[in-house]
Amino acid sequence: MRKKIIAGNWKMNYCVNKGEAFVEEIKNSINTDEVDVVICPNFVSLDRISDAIDGTSVKLGAQNVYFEDKGAYTGETSVDMLAAVGVSYCIVGHSERRQYFAETDEIVNKKAKKLLEKDICPIVCVGETLEERESNTMFEVVEKEVRDSLADIDKELIANKVVIAYEPIWAIGTGKTATAEQANEMCKFIREVVAKMYDEATAEKVRIQYGGSVKPSNANEILNMSDIDGALVGGASLTNDFVAIVNY
Ligand code: 13P
C-alpha cells in the first residue's frame, strides 16, 4: 500500500514572515501520519519554515537545487545547503523551470541523482502541453521525460525515495483540472513505463502524484484513483484550502 504524499508548492509566493504566520495557523490541522505532507517554500524561507514545522509530522521541501557540490555558481543552492536546514524533499523539473529556465531532462536527472546521494527525495515533475495532448503525442512525451529524468537511478531508490509528479501543463494555474480519469490514465501509464525500465515490483512501489488545479472540490476524487498517490498543489497550498486537501 503506497502512502499518499501531498505537497504544497508555494512557488514564488509569501515572504518569510507571511509564510511563517500561515504555517503557524495551519500546522496543527495538517499534522497527520496518515499522509505525508510536504511544504515547499522559497529558498530564503526554508530555515524559518523548518523551525515552524518542528515537532510536527510536516516535512520541508525545496523547489529547486543545483547539481554541483559547491563552488563558483553564483545564485545557486547545493544539496548540502538544503539538508542543513532540514529539507527532505525537493521538486525538480517543474514545468515552470523547464519553460522559463531551460531545464532539460538531463539537468533534472543530474539534480535528482545528487539529491539522492544526500538522502533527499526528489519530486520529479513531468507533463505534456495542451498542444501535445491535442495532437495525441502526450504518452510519448511523458515517457521520454520519465525515462530521461530517471536514467541510471537505482531501482531501490525509485521504489523508496523518488516521487514522480504528473503535472499536465495545460492544467497548471488555469483552473482547468484534468479529469480524474485523465490524470489516472497518465499516472498508470507512468507506472507502466517504470515497470518497463525496472520491474513490476518497483513500479508497484513508486509514488506518483497528480498536480494541476487541485482544490478541495476535486481532491477526494483525484486522490481516490487507483494509480494516483498524492497531489502537488500550487495555488490552493497558499490558503486554508490546503488543510481541506490534506484532510480530503
Ligand atoms: P496549481 O495547483 O496552481 O494549478 O499549480 C500546480 C503546480 O504547478 C504545482 O507544482
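In listed order, ligands and their atoms are each counted from 1.
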Asks: Verify the distance criterion only: is there a donor paired with an acceptor across the side chains of H94 and Q63 at less than 3.5 Å?
Replies: no
Asks: Note every protein N or O atom lying under 3.5 Å from an N or O atom of ligand 1, pairing the names and giving the distance.
Replies:
| residue | atom | partner | partner atom | Å |
| --- | --- | --- | --- | --- |
| ligand 1 | 2 (O) | S213 | N | 3.4 |
| ligand 1 | 2 (O) | G234 | N | 2.9 |
| ligand 1 | 3 (O) | G235 | N | 2.8 |
| ligand 1 | 4 (O) | G173 | N | 2.7 |
| ligand 1 | 4 (O) | S213 | N | 2.7 |
| ligand 1 | 5 (O) | K11 | NZ | 3.3 |
| ligand 1 | 8 (O) | K11 | NZ | 2.8 |
| ligand 1 | 8 (O) | H94 | NE2 | 2.8 |
| ligand 1 | 8 (O) | E167 | OE1 | 3.4 |
| ligand 1 | 10 (O) | N9 | ND2 | 3.0 |
| ligand 1 | 10 (O) | H94 | NE2 | 2.9 |
| ligand 1 | 10 (O) | E167 | OE1 | 3.2 |
| ligand 1 | 10 (O) | E167 | OE2 | 3.0 |

Asks: Which residue pairs pass the ring pair (Phe, Tyr, Trp, His ring centres under 6.0 Å) test with at least one member in residues 23-81, sequence neighbours excluded?
Replies: Y66-Y73
Asks: Suppose the criterion is side-chain hydrogen bond (donor to acceptor under 3.5 Å, both in side chains): which pairs have a residue in residues 234-248, not counting sequence neighbours?
Replies: none
Asks: Any side-chain heavy atom of D227 sitting closer than 4.5 Å to one from Y166?
Replies: no
Asks: Do any pairs count as a side-chain hydrogen bond (donor to acceptor under 3.5 Å, both in side chains) and have a residue in residues 34-51, sequence neighbours left out, and if so which ones?
Replies: K3-D36, N17-R48, E20-R48, D36-R207, N42-S45
Asks: For residues V146 and V193, report the shortest heavy-atom separation together with the two atoms involved.
Replies: CG1-CG1, 3.9 Å
